[in-house]
Amino acid sequence: CFWSVLLCCAVELLPFRLLAYYPFRKALRLPWPVVAGIAAALQILQAAFAFRSGGGSEAMRLLFSFVFLALYLACIREDPWKALFLYLFLFDYGMVVRGLAYVAAAFWRPEVNMTFPNLYSAAFAGLLFAATAFPAMYFLRRMQTRVLRTDAPALWHVIWLLPAFNTAIVMMYAREMTSENVRQPEFLITRLLLIAVMFLSYDVLLYALDMLRSQAALAERAAQQETMLAIQNTQYQQLTRHIQETA
């Protein structure tokens, strides 16, 4: 029925989409209840499409992902490129949790056809989200602090492409979430590789950002020291001339 479809969509998709606003909860263009209400309304619309089409397709879910991304960028006052960089982490996180939930449900109830949506995968997705939400928020909070402190507009225009290409490659080779596909080793391997590559790539990128920020701070400190030395040299020359004139 429609309500079971709505419940599955709400459990499997909505938590990750709302979590994307967490780093920018103090920098929203609209009040948080309004943003959450719009996101919930869009989720109900997606559930309606899934119900009418018998579960929908990956293309439809991808389309709604872009709709939620547009809402996300429109509601945040920070640099949209930085926001996109953080959003891709949560998109990958949600994709991994959903994939692992379908694998767990397929092996727990092998007689059930694991198409989207189904209550078994939704239950496992809810459990996995509850188990990993706090570590994900901790990593996201650390990432947000380092991202927002790095002022390099030209860099942010392109750096989001690195995690985006990784996500696109996984999505290209990921199969439809059906019972036959999710029981294949390749399905689980791609999700596990996505976890590893996701954390590794973001950690390396954030380390590079820290190095960039440190180099910028050193360059600024060196420029300030050169300015101070120039001022001291000028003062010394003036003092020397004054001594000579006095003599």
Side-chain angles (χ1 to χ4, degrees), residues 1-99 101-102 115-145 147-148 160 163-164 167 171 177:
C1 67
F2 171 73
W3 296 110
S4 63
V5 174
L6 178 60
L7 177 63
C8 294
C9 289
V11 172
E12 289 190 22
L13 303 172
L14 192 58
F16 308 98
R17 290 164 174 172
L18 292 180
L19 188 61
Y21 295 94
Y22 172 75
F24 306 101
R25 58 196 179 280
K26 297 180 181 179
L28 295 176
R29 300 183 189 277
L30 298 173
W32 165 244
V34 176
V35 175
I38 296 174
L42 287 174
Q43 195 63 77
I44 293 173
L45 183 62
Q46 181 178 0
F49 273 101
F51 177 71
R52 293 196 61 180
S53 60
S57 62
E58 288 295 330
M60 184 195 70
R61 289 190 284 278
L62 183 60
L63 174 62
F64 272 93
S65 296
F66 280 109
V67 173
F68 276 95
L69 174 60
L71 173 66
Y72 169 76
L73 296 177
C75 292
I76 293 174
R77 290 198 298 263
E78 294 288 349
D79 185 344
W81 301 107
K82 294 181 179 180
L84 179 60
F85 181 80
L86 295 174
Y87 183 87
L88 286 170
F89 168 78
L90 286 166
F91 184 85
D92 290 348
Y93 170 47
M95 189 161 57
V96 167
V97 169
R98 286 186 63 230
Y102 271 80
T115 56
F116 177 83
N118 71 82
L119 294 175
Y120 299 104
S121 63
F124 277 106
L127 291 174
L128 287 172
F129 176 75
T132 59
F134 284 106
M137 284 192 292
Y138 173 75
F139 186 82
L140 189 62
R141 192 184 302 115
R142 290 182 59 244
M143 185 164 53
Q144 175 223 2
T145 302
V147 165
L148 296 183
W160 65 272
T167 304
M171 292 184 67
M177 290 188 183

Over all atoms of both residues, closest heavy-atom pair of R77 and L28: NH1-O, 2.6 Å
Expected output: side-chain Y72 to main-chain A83 donor-acceptor under 3.5 Å: yes
Test side chain to side chain contact (heavy atoms under 4.5 Å, CB included) applied to L90 and Y87, step by step: CA-CA 5 Å; L90 286 166; Y87 183 87; 5.6 Å; no
Non-hydrogen atoms of L30 and V34 that approach each other most closely: CD1-CG1, 4.2 Å
From L63 atom CG to F68 atom CZ, the distance as rounded to the nearest 0.5 Å: 11.0 Å
Candidate pair R29 and V35, rule side chain to side chain contact (heavy atoms under 4.5 Å, CB included), full reasoning: CA-CA 9 Å; R29 300 183 189 277; V35 175; over 6 Å; no
Plane angle bin for W81 and W160 - parallel if under 30°, tilted between 30 and 60°, otherwise perpendicular: parallel
Side-chain (R25) to main-chain (Y22) donor-acceptor, under 3.5 angstrom: yes
Minimum-distance pair of heavy atoms, taken over all atoms of F129 and L19: CE1-CD2, 4.3 Å
Test side chain to side chain contact (heavy atoms under 4.5 Å, CB included) applied to Y21 and L71, step by step: CA-CA 11 Å; Y21 295 94; L71 173 66; 3.5 Å; yes
For the student: nearest non-hydrogen atoms of A39 and L14, plus distance: O-CD1, 4.0 Å
Gap between atom CG of L84 and atom CD1 of I76 - 0.5 Å precision: 10.0 Å
Closest non-hydrogen atom pair between A101 and S121, with its separation: CB-O, 3.5 Å
Residue pairs passing the side-chain hydrogen bond (donor to acceptor under 3.5 Å, both in side chains) test where at least one lies in residues 30-43, sequence neighbours excluded: R17-Q43, Q43-Q46
Exercise: identify the closest heavy-atom pair between P23 and Q144: O-NE2, 2.7 Å
Side chain proximity check, Y93 to L140, heavy atoms < 4.5 angstrom: no
